[in-house]
Enquirer: 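This is the structure, below, for whatever I ask next.
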Amino acid sequence: MQSLAHRTVSAAAPAARRSSVVCAAARPQQVASQVLAAGLALGISLSGAPALAASPYNSLADIVRPQFAFVDEDKNGVITKQELLRTSQAVAEDVDFLVPGEGQLDFAMKLFDLNQDGTLTTDELLSAIALDGAVSDDAIDKDVVSVFDKDGDGFVTLREFKAGVPPLGPGGEAAKEYIFNRVDQLVNADSKLDQQEFANALVLTRTAVLGY
């Protein structure tokens with residue numbers, strides 16, 4: 001059993017976080033991930049090297065807030081379709097990016113509305129960005145680990161997992177519990193997730209929430 005202290009990657013090296021989004025955007029059936037790619041690309045072009053924030057973070061959204069909170073132009077905590085569109089348009093001017101159409105934007109607004117209350121908040125969009133880049137091919141982002149492993153013991157309990165995943169709306173808590181137990185019971189059913197189990201749980205969560 002390997003604890004979360006091993007093979008984590010630093011927030012100072014966002015390449016894995018970026019590449020996972022961009023690769024997803026290359027698959028045409030995943031139109032919403034193109035919007036994530038737009039936010040990532042624009043954040044990089046505006047801010048240069050990502051700012052370093054102190055760990056631990058309180059939420060997934062906090063991990064990427066310094067780079068991507070600019071999408072919420074009026075700073076009211078809500079992302080409108082027009083704000084999402086302007087982010088995409090700004091990126092399209094500088095990189096090879098196809099601006100999403102009306103239907104694609106409508107789909108993205110619904111997809112990133114994680115708690116399904118009809119309003120896309122800044123925290124929901126930022127959480128989606130962080131979740132998208134949480135796991136690379138061979139490591140877990142160390143800042144993601146800090147959000148979940150609150151006691152720093154190198155493992156994630158059910159309580160920590162449910163607290164770390166953002167609110168998912170009706171049935172969300174049951175879904176978190178199912179993912180945790182499904183992964184845990186496949187290995188040793190010890191009621192905690194080690195590094196590999198946690199990575200698997202994050203991938204399953206991303207699939208359930210973002211569809212890929």
Enquirer: When rounded to the nearest 0.5 angstrom, what is the spacing between OG1 in T205 and CZ in F180?
Expert: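 One finds 11.0 Å between OG1 of T205 and CZ of F180.
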
Enquirer: For a 4.5 angstrom cut-off between non-hydrogen side-chain atoms, does P167 reach L114?
Expert: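 In short, these two side chains do not touch, never coming nearer than 4.5 Å.
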
Enquirer: For K75 and A69, which heavy atoms make the closest approach, and how far apart are they?
Expert: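 Shortest heavy-atom separation between K75 and A69 comes out as NZ-O, 3.2 Å.
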
Enquirer: Assign the ring pair F161 / F198 to parallel, tilted or perpendicular, where the plane angle (0 to 90°) is split at 30° and 60°.
Expert: perpendicular

Enquirer: Please report the shortest heavy-atom distance between F148 and L60, naming the atom on each side.
Expert: CE1-CD2, 4.0 Å

Enquirer: Atom OG of S127 and atom CG of D132: how far apart are they, to the nearest 0.5 Å?
Expert: 12.5 Å

Enquirer: State the NZ-CD1 distance between K162 and I179, to the nearest 0.5 angstrom.
Expert: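 Rounded to the nearest 0.5 Å, the NZ-CD1 separation comes out at 11.5 Å.
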
Enquirer: Report yes if some heavy atom in the side chain of T119 is under 4.5 Å from a heavy atom in the side chain of E124; otherwise report no.
Expert: no

Enquirer: Please name the pair of heavy atoms, one in S88 and one in V99, separated by the smallest distance, quoted to 0.1 Å.
Expert: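 That would be O-CG2, 4.1 Å.
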
Enquirer: Where the side chain of D149 meets the backbone of V145, is there a donor-acceptor pair that is under 3.5 Å apart?
Expert: no

Enquirer: Donor-acceptor pair, distance only, cut-off 3.5 Å: does the side chain of E83 make one with the backbone of D72?
Expert: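 Here the side-chain-to-backbone pair does not exist.
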
Enquirer: Within the 4.5 Å heavy-atom criterion, are F155 and L193 side-chain neighbours or not?
Expert: no

Enquirer: Taking the side chain as C-beta and beyond, is there a heavy-atom pair between I79 and L84 under 4.5 Å?
Expert: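 Sidechains of L84 and I79: in contact.
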
Enquirer: To check you understand the geometry: which heavy-atom pair defines the closest contact between G169 and Q116, and what is its length?
Expert: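 In terms of heavy atoms, the two residues are closest at CA-NE2, 4.4 Å.
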
Enquirer: Step by step, work out the salt bridge (charged side-chain N to carboxylate O under 4.0 Å, His left out) result for K110 and D113.
Expert: CA-CA 5 Å; K110 293 178 182 178; D113 176 17; over 6 Å; no

Enquirer: Yes or no on side-chain contact (heavy atoms from CB on, under 4.5 Å) for E73 and T80, after CA distance, side-chain angles and deciding distance?
Expert: CA-CA 9 Å; E73 297 169 350; T80 67; over 6 Å; no

Enquirer: Listed by chain and number, what are the side chain to side chain donor-acceptor pair (under 3.5 Å) partners of K81, not counting sequence neighbours?
Expert: E102, D106

Enquirer: Identify the heavy atoms of F112 and A128 that sit nearest to each other, and give their distance.
Expert: CD2-CB, 4.0 Å

Enquirer: Compare every heavy atom of L120 with every heavy atom of M109, then report the nearest pair and how far apart it is.
Expert: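 Shortest heavy-atom contact: SD-CD2, 3.7 Å.
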
Enquirer: In the structure I gave you, are the side-chain heavy atoms of I63 and V147 within less than 4.5 Å of one another anywhere?
Expert: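 Yes, side chains in contact.
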
Enquirer: Hey, is the main chain of V183 close enough, under 3.5 Å, to the side chain of N200 for a donor-acceptor pair?
Expert: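 Such a contact is absent between N200 side chain and V183 backbone.
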
Enquirer: Give the intermediate values and the outcome of salt bridge (charged side-chain N to carboxylate O under 4.0 Å, His left out) for residues K192 and D153.
Expert: CA-CA 11 Å; K192 59 184 179 182; D153 68 348; over 6 Å; no

Enquirer: Does the side chain of L202 come within less than 4.5 Å of I140's, by heavy atoms?
Expert: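 Of all side-chain heavy-atom pairs linking L202 with I140, at least one is under 4.5 Å.
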
Enquirer: Would you say the side chain of T122 lies within less than 4.5 Å of the side chain of F68, judging by non-hydrogen atoms?
Expert: no

Enquirer: Roughly how far, to the nearest 0.5 Å, is CG of L158 from NZ of K176?
Expert: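 Going from the NZ atom of K176 to the CG atom of L158 covers 10.0 Å.
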
Enquirer: Nearest 0.5 angstrom please: D141 CG to L131 CG, how far?
Expert: 11.5 Å

Enquirer: Quick check: does any side chain N or O of E160 sit under 3.5 Å from a backbone N or O of T157, one acting as donor and the other as acceptor?
Expert: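 Yes.
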
Enquirer: Do L168 and N115 come close enough that some side-chain heavy atom pair is under 4.5 Å?
Expert: no

